[in-house]
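In what follows, every chain begins at residue 1, and chains take the letters A, B, ... in the order their sequences are listed.
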Amino acid sequence: MSVRQFQTLRAFDTLNHNSILSLITKSKSLSQTQQIHAHILKTGNSNDTYFTNNLLSLYLNCQRFTDAESVLHSLPNPNIFSFKALIHASSKSNLFSYTLVLFSRLISACILPDVHILPSAIKACAGLSAVEVGKQVHGFGLTSGLALDSFVEASLVHMYVKCNQLKCARKVFDKMLEPDLVSWSALASGYARRGDVVNAKLVFDQAGKLGIEPNLVSWNGIIAGFNQSGCYPEAVCMFLRMYSEGFRSDGASISSVLPAIGDLEDLKMGVQVHCHVIKMGLECDICIISALIDMYGKCRCTLEMSRVFEGAEETDLGAFNALVAGLSRNGLVDEAFKVFKKFKRRGTELNVVSWTSMIGSCSQHGKDLEALEIFREMQLAKVMPNSVTISSLLPACGNIAALVHGKATHCFSLRNCFPDDVYVGSALIDMYANCGRIQVARLVFDRMPVRNLVCWNAMTSGYAMHGKAKEAIEIFELMQRSGQKPDFISFTSVLSACSQAGLIEQGQYYFNSMSRVHGLQARVEHYACMVSLLGRAGKLKEAYSMMSTMPVEPDSCVWGALLSSCRLHRNTSLGEIAANKLFELEPKNPGNYILLSNIYASNNRWKEVDRVRDRMKYVGLSKNPGCSWIEIKNKVHMLLAGDDLHPQMPHIMEKLRKLSMDMKNSGVSHDMDFVLQDVEEQDKELILCGHSEKLAVVLGILNTNPGTPLSVIKNLRICGDCHLFIKFISSFEGREIYVRDTNRFHHFNEGVCSCGDYW
DNA sequence: CTAGGGTTAG
């Protein structure tokens with residue numbers, strides 16, 4: 001009987017069971033389904049589970065979940081088949097939480113699930129990373145005996161792999177009598193996802209040796225796994241191996257291998273894959289578009305990157321996110337910000353990735369206040385931040401020592417259950433260290449359940465920055481005892497700690513152990529540490545001769561370390577060599593002229609002082625505008641040197657003059673070496689009083705209760721006069737004052753600075 | 001009639 005016949009017969013209601021059933025199985029369109037449904041209701045057959053179950057699957061074929069749901073609700077006694085149809089359909093459409101809701105309803109209807117339903121429920125747990133629920137289902141499987149089914153076992157392996165519980169996955173796998181391709185490949189991709197290259201390849205190849213040939217899905221699984229764990233060379237290698245073994249990639253393999261190609265900056269291969277994408281007609285695949293944009297961005301082909309974006313659908317959020325990330329990766333932050341604003345204005349619903357990406361790009365490019373503002377907007381837009389958002393926002397708080405904002409962000413992460421994330425943990429350590437709260441940083445560090453290299457490095461460099469060499473070394477040693485191998489960054493931190501504390505022997509020991517014990521070739525930054533280590537100790541000649549043994553040309557950091565040491569020890573001859581080299585390497589950096597003129601001034605060679613200043617004027621250099629930040633009552637204030645834009649400036653100047661008098665009365669005079677202009681003494685004082693760090697400290701004193709500690713951040717190195725002045729203020733006003741400059745941390749308390757004297 | 005693979009943010 002055809003549907004047309006049904007429509008004519010329907011008027012007579014003469015259909016019997018058999019004819020309706022045959023209709024149900026034939027019906028394809030939604031309208032036909034609805035007609036048959038109406039008929040069943042009319043003829044009073046809606047209590048017949050046999051009919052209604054078929055009706056259910058009819059609706060599901062048309063993706064009408066709500067209609068199917070209402071049919072299920074109308075059933076007085078739904079049986080296992082009623083649920084089975086819905087559970088399978090929802091699982092196929094990746095509606096994981098819905099699948100679990102159905103599963104729990106099945107249980108409360110006292111229907112025992114079977115081997116067909118269990119895998120769908122387990123898959124849902126995997127999709128939601130709900131490992132606790134998954135374990136309960138596993139437990140049910142064990143008691144009911146259903147867990148012996150190979151399908152159930154395979155889904156359990158997959159679930160544990162997805163939830164990052166590789167030990168459990170392995171346990172289930174090892175108990176299997178005959179693991180099939182699905183379980184083998186799930187396990188292999190699990191190891192790959194962990195970055196365990198050895199085991200991933202072992203499991204993958206072992207299956208092949210047992211005669212279980214890999215298929216496209218298992219190839220893709222291992223490529224994706226390597227990509228996700230950052231094992232990029234392995235991802236590319238597997239992709240190539242897949243080709244050589246006669247498999248042809250599809251969209252999934254390509255979108256997984258592209259990020260790897262981008263990370264290796266292999267543009268040639270990237271272009272080849274792009275051509276392949278066009279040949280296969282996959283250029284409209286949204287995952288591939290994002291991956292292509294990302295690849296071109298990483299290869300610094302911003303033009304090609306934008307071209308791929310132009311070809312994307314306007315609504316493709318993935319492509320948009322990749323573009324914003326690509327632009328800011330190439331330093332085009334303003335460009336990224338423009339695109340971001342355009343999408344926001346257009347009313348596109350941005351997701352976590354979009355917001356997080358913009359926050360991260362701001363905090364990485366000195367737009368810290370903007371990062372905080374975007375975070376606020378994100379919450380107004382009701383987009384839930386995740387752990388990545390938090391670890392992108394925290395550096396912004398640290399950069400400008402916005403402790404209150406940083407603490408609020410910390411609280412947010414505690415409330416939202418991602419305190420155990422290693423990235424968040426490391427970012428918290430950095431933030432607290434950058435805000436001067438090194439003890440709190442340590443507290444966070446001690447409470448971390450899992451630590452990786454980044455956390456150890458953050459803690460070591462935090463101590464180094466605070467001049468706490470003993471503690472930095474302690475952490476560095478503890479790290480190695482815990483089995484974590486140090487990398488280049490660990491050594492930079494520990495060496496700079498040694499250099500600041502004047503621990504020559506220890507510094508030399510660590511420097512030598514780099515290549516001897518750890519097989520790491522010292523980089524230019526390590527030499528800079530060593531030069532400053534020797535230089536500070538007065539071993540200027542040794543420092544200079546070490547520079548000639550360097551495998552690479554010394555850069556401005558190394559020469560700068562030498563020049564600073566020359567200033568400390570008033571060494572003119574070597575200082576001139578270093579300064580001249582620096583004038584070549586970074587002609588636009590006024591700091592080098594200032595250092596050289598300071599060396600001459602300290603040796604009373606005033607003619608040369610004038611000459612350096614003239615030369616500086618001739619090159620057209622003036623001091624970089626100094627800039628300081630201070631957070632007062634949840635608001636971050638920015639102060640520029642010589643700035644009169646701040647509304648409280650008259651009060652600040654008045655207080656500054658008063659403090660300056662108080663300092664002179666106590667017998668300390670200003671350090672005029674730091675004034676470059678050739679002006680009268682009185683004007684020199686005025687210039688010094690315009691330094692942004694002084695303005696910030698005084699603003700803090702005026703606007704906080706007596707005794708409140710102050711934290712200031714400066715964009716340049718703090719000057720010697722400000723150092724002197726703030727030391728005085730800390731005792732005179734009874735304040736703890738933290739100042740972070742580009743070099744290190746200064747903690748002023750009771751007239752003393754944690755780093756000792758300025759030089 | 002059930003199970004396995006994809007992009008973009010740290």
Checking all strands, does Pro259(A) fall into the base, sugar-phosphate, or nothing category for heavy-atom contacts under 4.0 angstrom? sugar-phosphate
For Ser91(A), answer base if it contacts any base atom (sugar-phosphate contacts may also be present), sugar-phosphate if it contacts only those atoms, and nothing otherwise; contact means non-hydrogen atoms under 4.0 Å. sugar-phosphate
Distance under 6.0 Å and angle within 45° of the ring axis: does Arg451(A) meet both against Phe445(A)? yes
Quick one: the side chain of Asp180(A) and the base of dG4(B), do they pair up donor-acceptor inside 3.5 Å? no
Lys298(A) NZ - dT8(B) P separation (whole Å): 6 Å
Residue Tyr423(A), side-chain heavy atoms: nucleotide from dA9(B), dG10(B), dC1(B) that is nearest: dG10(B)
Quick test of your reading of the model: are Asp196(A) and Lys201(A) salt-bridged, counting only N-O distances below 4.0 Å? no
Are Asp174(A) and Lys167(A) within salt-bridge range, i.e. N to O under 4.0 Å? no
Once you round it to whole Å, what is the distance between C1' of dG10(B) and CZ of Phe375(A)? 14 Å
Taking OP1 and OP2 of dT8(B), is either one under 4.0 Å from a side-chain nitrogen or oxygen of Arg329(A)? no
How is Leu156(A) classified with respect to the nucleic acid when contacts are heavy atoms under 4.0 Å: base, sugar-phosphate, or nothing? nothing
Over how many whole Å does the gap from Leu323(A) atom CG to dA9(B) atom C1' extend? 14 Å
Using whole Å, what does the distance between atom P of nucleotide dG6(B) and atom CD1 of Ile286(A) come to? 14 Å
Are a donor atom and an acceptor atom from the side chains of Ser249(A) and Tyr243(A) found within less than 3.5 Å of each other? yes
Euclidean distance, atom CG of residue Asn351(A) to atom P of dA9(B) [Å, nearest integer]: 12 Å
Students often get this wrong, so: under 4.0 angstrom with heavy atoms, is Gly360(A) touching a base, only sugar-phosphate, or nothing? nothing
Below the 4.0 Å mark, does dT7(B) have OP1 or OP2 next to a side-chain nitrogen or oxygen of Gln228(A)? yes
Of the listed nucleotides dG6(B), dG4(B), dT2(B), the one nearest the side chain of Ala224(A): dG6(B)
Candidate nucleotides dT8(B), dT7(B), dG4(B), ranked by approach to the side chain of His158(A) - the nearest: dG4(B)
For the side chain of Val388(A), starting at C-beta, report the closest nucleotide among dG10(B), dA3(B), dT8(B). dG10(B)
The nucleotide from dA3(B), dT8(B), dG4(B) with an atom nearest the side chain of Ala325(A) is dT8(B)
Looking at Ser255(A) and dG6(B), is any side-chain donor or acceptor paired with a base atom of the opposite kind under 3.5 Å? yes
Salt bridge flag under 4.0 Å for residues Lys338(A) and Asp334(A): no
One pair to check against salt bridge (Lys or Arg N to Asp or Glu O under 4.0 Å): Arg307(A) and Glu310(A). What are the steps and the verdict? CA-CA 5 Å; Arg307(A) 210 171 293 156; Glu310(A) 295 300 323; over 6 Å; no
Among dT8(B), dA3(B), dG6(B), which nucleotide has an atom closest to any side-chain atom of Asp294(A)? dT8(B)
Counting only side-chain heavy atoms from C-beta out, which of dA9(B), dT2(B), dT7(B) sits nearest to Phe151(A)? dT2(B)
What is the separation between atom CD1 on Ile254(A) and atom P on dT8(B), rounded to the nearest whole Å? 15 Å
Base, sugar-phosphate, or nothing: which does Leu181(A) touch, judged by heavy atoms less than 4.0 Å apart? base
Does NZ or CZ of Arg346(A) come closer than 6.0 Å to the centre of the six-membered ring of Phe343(A), within 45° of the ring's axis? yes
Is the phosphate of dA9(B), meaning OP1 or OP2, less than 4.0 Å from a side-chain N or O of Ser290(A)? no
Rounded distance (Å) that lies between atom P of dT2(B) and atom CG of Leu102(A): 17 Å
I'd like to know if Ser256(A) reaches the base of dG6(B) with its side chain such that a donor and an acceptor end up less than 3.5 angstrom apart. no
So, does Asn227(A) get its side chain near the phosphate of dT7(B), meaning an N or O under 4.0 Å from OP1 or OP2? yes
Between dT7(B) (P) and Met295(A) (CE): distance, integer Å: 15 Å
Donor-acceptor pair under 3.5 Å, Asp250(A) side chain vs dG6(B) base: no
Of the nucleotides dT2(B), dA3(B), dG6(B), which one has an atom closest to the side chain of Ser155(A)? dA3(B)
